[in-house]
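Each remark here refers to the structure printed beneath this line.
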Amino acid sequence: MSAHTPTLISKAPHMGTTIFTVMSALAAEKGAVNLGQGFPDFPCDPRLPELVSDAMREGLNQYPPMTGVAPLREAVSRKIEALYGRHYDPASEITITAGATQAILTIILAIIHPSDEVIVLEPCYDSYVPNIELAGGQVVRVPLTPGTFRPDFDKIRAAITPQTRAILINSPHNPSGMVWSREEMLTLQEILAPTNIVLISDEVYEHMVYAPLQYWSAAHFEGLAARAFIVSSFGKTYHVTGWKVGTVAAPAAYTAEFRKVHQFNVFTVNTPMQHALARYMADPAPYLELPAFYQRKRDLFREGLAQTQFKLLPGEGTYFQCVDISGLAVPEKNLGEAEFCKWLTTEIGVAAIPLSAFYGNGFDQKVIRFCFAKQDDTLRAALGKLARL
Ligand SMILES: Cc1ncc(COP(=O)(O)O)c(C=O)c1O
């Protein structure tokens, strides 16, 4: 009897390796400074791993409740109420997830029925579209305004049909760094008011908004909060992207549906880290001080880039800075964004991400993204190399 491997019919025939993996591998191969993938190259607060060790030594090593440990849900609820003025019941309206990526997939699997339409605003985080497709939903792509990346409400209105089940927004926005204004959130609230559209608000960069701007969460707005799943991630806020712990806040009826899928997906998220995060959250200073921490890095990086021929785009929030390459003096500026990024990594020694990677149709506007969540020395090393341009 000969063994054979039955052929699979791919459920995701178009999905390849992400550009982040490709660029990180190229950066490592060429010894380039990696400003591509979005993660800090500096350590987290040493208190955090100590708190995890404490929890492990105390024996907090078995399955936690499916919804997340109570102290962490309570801490998240207190934080949202203090910052955004809305109370979420920790028992029925807050769930701890294995990062924001799992949270978003689980929301989509829980609420999207085959042929439901979901509006995404492009450019967008790369998991949204595959998530909708895996759920059998129809992706409706609406571009953010090229150049400013602000929402185009005429286009959003025009995209809404009786089949629209959800809209996904992300502020502060990856990759552009754009932050939705209060007026924009109010306009969205007004557009959604007469509909049954669910809002999925990806707020993982909520603590990275730079003065004089203020952050506007969907939780600030009664009409949005009533129809919203609000997603956040401790990875971004506490410099621990590898921990993969996130949160979903949503009205009780939505949370109940979310948890039905969550319990048979991850079931629970690791126990000691949840206790550590709950204890760490007792002090609000780390997240309250985060904007100033990253604003200084953003300014250092922008000042250096201002000495080059890159054209700086606004940097209102997140730890990303986008630049337009069309004014560079080198002939490689005429390459497509992805080819330019490969050249930049290989020949100049700095890795970046092409914005085309965040569009379904590979829209190329000569803009690339750098991540400045790096040690000052890393940023200076990158700027030293980019000074040639
Ligand atoms: C917009 C956005 N959403 C979600 C995530 C994923 O967060 P997590 O690492 O918690 O899954 C990221 C990470 O880069 C992101 O940029």
Side-chain angles (χ1 to χ4, degrees), residues 18-24 34-41 44 48 68 72 76 94-109 118-132 134 144 149 151 166-180 199-209 215 217-218 228-249 258 262 265-266 269-270 273-274 277 287 290 294 315-322 351-355 357-359 369-374:
T18 73
I19 186 77
F20 308 99
T21 308
V22 172
M23 293 308 300
S24 285
N34 190 355
L35 303 190
Q37 215 168 350
F39 58 82
D41 72 342
C44 63
L48 272 166
L72 185 55
V76 170
I94 294 196
T95 311
I96 308 303
T97 63
T101 312
Q102 182 250 318
I104 295 166
L105 173 62
T106 304
I107 294 165
I108 290 172
L109 289 174
V118 183
I119 297 175
V120 297
L121 307 181
E122 284 192 322
C124 65
Y125 183 59
D126 60 349
S127 76
Y128 300 167
V129 166
N131 285 181
I132 298 163
L134 281 175
L144 293 164
F149 301 97
I167 179 169
L168 239 153
I169 67 167
N170 168 221
S171 171
H173 180 241
N174 176 12
S176 74
M178 183 271 291
V179 179
W180 284 50
L199 174 64
I200 305 170
S201 188
D202 180 346
E203 305 192 357
V204 299
Y205 299 104
E206 63 181 315
H207 299 297
M208 294 173 213
V209 174
Y215 182 54
S217 165
F229 286 95
I230 299 179
V231 178
S232 194
S233 171
F234 294 103
K236 313 287 174 185
T237 306
Y238 292 147
H239 315 307
V240 287
T241 57
W243 283 22
K244 300 297 287 183
V245 185
T247 60
V248 174
F258 176 87
H262 179 77
N265 180 351
V266 291
V269 176
N270 69 82
M273 282 174 180
Q274 290 193 58
L277 287 164
Y287 56 81
L290 202 64
Y294 272 124
E316 298 178 338
T318 74
Y319 46 45
F320 301 115
Q321 175 64 53
C322 287
I353 300 290
L355 247 69
F358 298 84
Y359 288 87
R369 187 199 81 177
F370 292 113
C371 171
F372 58 80
K374 307 293 168 189

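Atoms within a ligand are numbered from 1 in the order they appear, just like the ligands themselves. Residue numbers count from 1 along this sequence.
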For ligand 1, indicate whether the residue Y205 contacts it via side chain, backbone, both or neither (heavy-atom separation under 4.0 Å). side chain

One residue to check: T101. Relative to ligand 1, which of side chain, backbone, both or neither has a non-hydrogen atom less than 4.0 Å away? both

Within ligand 1, which atoms have a heavy atom of G99 less than 4.0 Å away? 10 (O), 11 (O)

Please walk me through it: do H239 and L290 pass side chain to side chain contact (heavy atoms under 4.5 Å, CB included)? CA-CA 10 Å; H239 315 307; L290 202 64; 3.6 Å; yes

Quick check on contacts: which atoms of ligand 1 are under 4.0 angstrom from a heavy atom of N174? 1 (C), 15 (C), 16 (O)

Ring-ring centroid check F358 F20, cutoff 6.0 Å: yes

H262 meets the ring pair (Phe, Tyr, Trp, His ring centres under 6.0 Å) criterion, sequence neighbours left out, with F258

Check contact between F39 and ligand 1, using heavy atoms of the residue and a distance below 4.0 angstrom. no

Any heavy atom of K236 closer to ligand 1 than 4.0 angstrom? yes

Which atoms from ligand 1 have a heavy atom of D202 less than 4.0 Å away? 1 (C), 2 (C), 3 (N), 4 (C)

Numbered in order shown, the ligand 1 atoms found under 4.0 Å of a heavy atom of N170 are 1 (C)

Around atom 7 (O) of ligand 1, find the nearest protein heavy atom and jot down its residue, atom name and distance. A100 CB, 3.5 Å

A side-chain contact here means heavy atoms from C-beta on lying under 4.5 Å apart; do K244 and T101 qualify? yes

Report, in ascending order of atom number, the atoms of ligand 1 lying under 4.0 Å from any heavy atom of S233. 8 (P), 10 (O)

shortest atom 9 (O) of ligand 1-to-protein heavy-atom contact is with K244 NZ, 3.0 Å

Does the structure place the NZ or CZ of K374 under 6.0 Å from the centre of the six-membered ring of F39, at an angle of no more than 45° from the ring's axis? yes

Determine the interplanar angle of the Y294 and F372 rings, folded into 0 to 90°, and report it as parallel if under 30°, tilted if 30 to 60°, perpendicular if over 60°. perpendicular

